[in-house]
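Presented below is the structure to which this report refers.
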Protein chains: 2
Amino acid sequence: MIVNTKMVGMAQHKTITVNADVVACCSPLAHVEMSEAEASDIAQIFSALSDPVRLRMLSMIASESEVCSCALEEPLSKSQPTISHHTRILAEAGLIIGERRGRWMWWRAAPDRMRDIARILSA
Amino acid sequence: MIVNTKMVGMAQHKTITVNADVVACCSPLAHVEMSEAEASDIAQIFSALSDPVRLRMLSMIASESEVCSCALEEPLSKSQPTISHHTRILAEAGLIIGERRGRWMWWRAAPDRMRDIARILSA
DNA sequence: CTCTCAAATTGATGTATGTCAATGAAAGAG
DNA sequence: CTCTTTCATTGACATACATCAATTTGAGAG
């Protein structure tokens with residue numbers, strides 16, 4: 001598995017974005033049969049998108065320029081550890097990018113990555 | 001939850017395609033914040049895509065005009081019940097469409113549905 | 001009708017995952 | 001330094017899921 005380590009300006013939590021290249025260069029589903037390695041990498045991305053809380057979270061982040069972690073707990077009705085858990089998974093899938101500013105963690109969407117994933121579904 | 005029942009020519013197993021409308025009319029993630037109901041529906045689709053075996057399976061089916069269930073076991077190295085389990089999940093997500101011909105079950109991809117899902121990720 | 005074959009279903013098992021309370025770590029404010 | 005605040009991590013628990021052996025269902029063939 002190809003791993004592309006990317007620091008996101010966090011001290012405590014180092015976000016590791018998996019498959020930065022694999023996703024970008026992966027052929028659309030209907031063009032070539034996927035290898036096992038490709039399938040595992042891509043499956044992890046879709047797995048990040050397979051939870052309702054994370055989908056709403058991503059939608060909220062993508063609808064704004066950036067969103068603070070602390071602004072997610074109330075609208076999603078989830079505890080702070082749960083929010084942290086989900087942002088981590090979205091970040092590891094490369095769907096959002098985090099930046100620490102003082103005590104606050106700010107998240108923004110990664111539209112390029114989202115386009116790459118969309119392209120896998122539809123040539 | 002909106003359920004769109006669709007017979008697929010099977011006697012034994014009635015495939016139920018969920019969210020036929022919801023997906024088609026769902027706004028791209030970045031445009032409007034998703035409701036809980038939308039999120040649950042869409043999450044189920046991505047959940048179907050979140051398994052490596054199913055991704056390779058979908059890739060194989062989408063690369064051909066149609067594929068028989070029996071032609072999937074060997075290349076995917078999975079048992080017959082497991083193949084049946086996965087085809088069912090892909091069909092319920094509306095990603096593939098099945099048709100029984102004699103003793104055999106033939107599957108073809110649903111490119112329209114795949115395009116709809118891609119559009120949710122990238123406007 | 002019986003026999004055969006392909007697929008669906010059932011049941012069991014191990015693993016993965018969402019959730020939160022409790023705790024720890026990091027960054028300011030005073 | 002201490003106090004406060006925000007986020008990350010740990011541990012525990014319940015649920016969901018992938019897998020296969022065994023069985024059942026369904027559709028021809030003879």
Side-chain angles (χ1 to χ4, degrees), chain A residues 7-16 18 36 39-40 43-58 61 66-74 76-93 96-107, chain B residues 7-16 18 36 39-40 43-58 61 66-74 76-93 96-107:
Chain A
M7 303 293 295
V8 195
M10 295 185 261
Q12 203 173 171
H13 168 190
K14 296 171 185 62
T15 294
I16 299 178
V18 184
E36 288 188 44
S40 294
Q44 192 198 341
I45 318 269
F46 284 124
S47 182
L49 292 165
S50 71
D51 180 84
V53 175
R54 284 196 293 271
L55 273 183
R56 295 186 66 205
M57 184 180 269
L58 179 58
I61 296 173
E66 41 183 18
V67 177
C68 176
S69 276
C70 57
L72 295 170
E73 301 181 26
E74 191 195 300
L76 293 173
S77 305
K78 291 286 177 275
S79 70
Q80 177 269 319
T82 299
I83 296 294
S84 180
H85 169 71
H86 286 309
T87 51
R88 174 186 205 134
I89 289 177
L90 285 176
E92 286 177 354
I96 61 174
I97 298 164
E99 182 185 349
R100 179 146 219 153
R101 288 209 285 274
R103 289 199 277 257
W104 292 271
M105 194 68 190
W106 293 90
W107 301 97
Chain B
M7 302 296 294
V8 196
M10 295 185 262
Q12 203 173 170
H13 168 192
K14 296 171 184 62
T15 295
I16 299 178
V18 184
E36 289 188 44
S40 295
Q44 192 199 340
I45 317 268
F46 284 124
S47 182
L49 292 165
S50 71
D51 180 85
V53 176
R54 283 195 293 270
L55 274 184
R56 296 186 65 207
M57 183 179 271
L58 179 58
I61 295 174
E66 40 182 16
V67 178
C68 176
S69 277
C70 58
L72 295 169
E73 300 180 25
E74 191 195 300
L76 293 173
S77 305
K78 290 287 177 275
S79 70
Q80 178 269 320
T82 300
I83 297 295
S84 179
H85 169 71
H86 287 309
T87 51
R88 174 185 204 136
I89 290 177
L90 286 176
E92 286 177 353
I96 61 175
I97 297 165
E99 182 185 348
R100 180 145 219 154
R101 287 209 284 276
R103 288 199 277 259
W104 291 272
M105 194 69 190
W106 292 90
W107 300 98

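All chains are named by letter (A, B, ...) in the order of the sequence lines, taking the proteins before the strands, and each is independently numbered beginning at 1.
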Answer yes or no: does atom CD of E73(B) have more than 12 heavy-atom neighbours from other residues, nucleotides or ligands under 6.0 Å?
yes
5'-most contact on DNA chain C (nearest-nucleotide basis), R103(A) vs I83(B), goes to I83(B)
Roughly how far, to the nearest 0.5 Å, is the CG atom of L55(A) from the NE2 atom of H86(A)?
10.5 Å
Could you state the interatomic distance from CG (D51(B)) to NE2 (H85(B)), rounded to the nearest 0.5 Å?
7.5 Å
M57(B) CE to dA7(C) C1', in whole Å, measures 13 Å
Taken to the nearest whole Å, CG/L90(B) to C1'/dC17(D) is 15 Å
Closest to the S84(A) side chain, choosing from dT9(D), dT6(D), dA8(C)
dT9(D)
Rounded off to whole Å, could you give me the CH2-to-C1' distance for the W107(A) and dA8(D) pair?
11 Å
Tell whether Q80(B) reaches the base of dA6(C) with its side chain through a donor-acceptor pair below 3.5 angstrom.
no
Euclidean distance, atom CD of residue E99(B) to atom P of dA27(D) [Å, nearest integer]:
14 Å
Counting a pair only when it is Watson-Crick or G-U and both distances are under 3.5 Å, which runs of at least 3 such pairs involve DNA chain C?
C:1-30 with D:1-30
Please examine the side chains of V53(A) and T82(A), heavy atoms only from C-beta on, and report whether any two atoms are closer than 4.5 Å.
no
Rounded off to whole Å, could you give me the CG-to-C1' distance for the L76(B) and dA18(D) pair?
14 Å
Length of the CE-P vector between M105(A) and dT9(D), whole Å
10 Å
Rounded to the nearest 0.5 angstrom, the CG-CZ distance for L58(B) and R54(B) is 10.5 Å
E73(B) atom CD is separated from dC20(D) atom P, nearest whole Å, by 10 Å
L72(A) CG to dA8(D) C1', in whole Å, measures 15 Å
Can you measure from NZ (K78(B)) to OG (S84(B)) and round to the nearest 0.5 angstrom?
15.0 Å
Please list, pair by pair, any protein nitrogen or oxygen found under 3.5 Å from a nitrogen or oxygen in nucleotides 15-18 of chain C.
| unit_1 | atom_1 | unit_2 | atom_2 | d |
| --- | --- | --- | --- | --- |
| dG18(C) | OP1 | R54(A) | NH1 | 3.2 |
| dG18(C) | OP1 | R54(A) | NH2 | 2.7 |
| dG18(C) | OP2 | H85(A) | NE2 | 3.3 |

DNA chain C nearest-nucleotide lookup for S79(A) and G102(A): closer to the 5′ end is S79(A)
Any side-chain N or O of R101(B) below 4.0 angstrom from OP1/OP2 of dG28(D)?
no
Which nucleotide in the list dA8(D), dA7(C), dC7(D) gets nearest to the side chain of C68(A)?
dC7(D)
Distance check, rounded to the nearest 0.5 Å: I45(A) atom CD1 versus L90(A) atom CG?
10.5 Å
When rounded to the nearest 0.5 Å, the distance separating CD1 of I96(B) from OG1 of T87(B) is 5.5 Å
Answer whether the closest heavy-atom distance between the side chains of M57(A) and I61(A) falls below 4.5 Å.
yes
